[in-house]
J.: 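Submitted below is the structure of interest, expressed as structure tokens.
Position 1 is the first residue of the sequence; numbering continues from there.
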Amino acid sequence: VRFCGIFGVGGAKHLGINKAINNARIGVAPTIRGGGAAKRNYIHISDAAAALEACVGNRLNGVQWAAGREVNSIAEILDTLCEVYELEGPLSEEGQEGIDQVVKSSKALPLGKTLSEALVSEL
């Protein structure tokens, strides 16, 4: 199984969304560097586990790509994070615009939760 970025509380600290989640949990609003237009479809840790279960349970062969249910811009991701954690923001800072990093999920894998549903599930 090939995963795009996996997010969730306590997730890999090098992934920006996980840094933003950990900070939001202590009341610190995230910062958008650049315009925030770059697209992502991160997968929540519980959905990653469900993808693995589907692969084993259905005896899937070959490479299976696992990604989040929806594609969002960085700005949309951080806006949703602020809504869920009831923070003002996100803050904005000049910076270089990122590039899109979107993975097309294998049709044999379950859809999973929306970004908002995943974030709410961790509260």
J.: Roughly how far, to the nearest 0.5 Å, is the NZ atom of Lys39 from the CD atom of Glu70?
T.: 11.0 Å
J.: Using every non-hydrogen atom in the two residues, find where Asp100 and Ala37 come nearest and quote the distance to one decimal.
T.: OD1-O, 4.1 Å
J.: Of the non-hydrogen atoms in Ala48 and Ile6, which two are nearest, and what is the gap between them?
T.: CB-CD1, 4.2 Å
J.: Using distance alone, with no hydrogens and no angle criterion, decide if Lys113 and Ser46 have a side-chain donor and acceptor under 3.5 Å apart.
T.: yes
J.: Which atom pair, heavy atoms only, marks the closest approach of Ala75 to Gly35?
T.: CB-O, 4.2 Å
J.: Between Pro90 and Ile32, what is the shortest heavy-atom contact and its length?
T.: CG-CD1, 3.6 Å
J.: Taking a hydrophobic cluster as the set of Ile, Leu, Val, Met, Phe, Trp and Tyr residues connected by side-chain heavy atoms closer than 4.5 Å, whether directly or through intermediates, do Val28 and Ile17 fall within one such cluster?
T.: no
J.: Who are the side chain to side chain contact (heavy atoms under 4.5 Å, CB included) partners of Gln101, not counting sequence neighbours?
T.: Arg40, Ile99
J.: Give me the atom names and distance for the closest heavy-atom approach of Asn41 to Ala67.
T.: ND2-CB, 3.2 Å
J.: With rounding to the nearest 0.5 Å, note down the distance linking CG in Leu115 to CD in Glu83.
T.: 10.0 Å
J.: Show the nearest heavy-atom pair for residues Gly8 and Asn18, with the distance to one decimal.
T.: N-OD1, 2.9 Å
J.: Answer yes or no: is there a donor N or O on one side and an acceptor on the other, between the side chain of Gln64 and the main chain of Leu109, under 3.5 Å?
T.: no
J.: Is Ile21 reachable from Leu91 through a run of hydrophobic residues whose side-chain heavy atoms are each under 4.5 Å from the next?
T.: no
J.: Could you tell me the separation between the NZ atom of Lys13 and the NZ atom of Lys19, rounded to the nearest 0.5 Å?
T.: 10.5 Å
J.: Kindly compute the distance separating CG (Asp79) from CG (Leu87), expressed to the nearest 0.5 Å.
T.: 11.5 Å
J.: Mark yes or no for whether Ser106, through its side chain, and Trp65, through its backbone, hold a donor-acceptor pair below 3.5 Å.
T.: yes
J.: Output, in order, the C-alpha distance, side-chain angles, deciding distance and verdict of side-chain contact (heavy atoms from CB on, under 4.5 Å) for Phe3 and Ile43.
T.: CA-CA 8 Å; Phe3 292 103; Ile43 187 169; 4.2 Å; yes
J.: Could you list the residues that satisfy side-chain hydrogen bond (donor to acceptor under 3.5 Å, both in side chains) with Thr80, not counting sequence neighbours?
T.: none
J.: If you count every heavy atom of other residues, nucleotides or ligands that lies below 6.0 Å from Glu86 atom CD, does the total exceed 12?
T.: no
J.: Quick one, His44 with Glu122, criterion side chain to side chain donor-acceptor pair (under 3.5 Å). Give me CA distance, side-chain angles, the key distance, then yes/no.
T.: CA-CA 10 Å; His44 188 259; Glu122 295 187 334; 2.7 Å; yes
J.: Can you list everything that forms a side-chain hydrogen bond (donor to acceptor under 3.5 Å, both in side chains) with Ser92? Sequence neighbours excluded, please.
T.: none
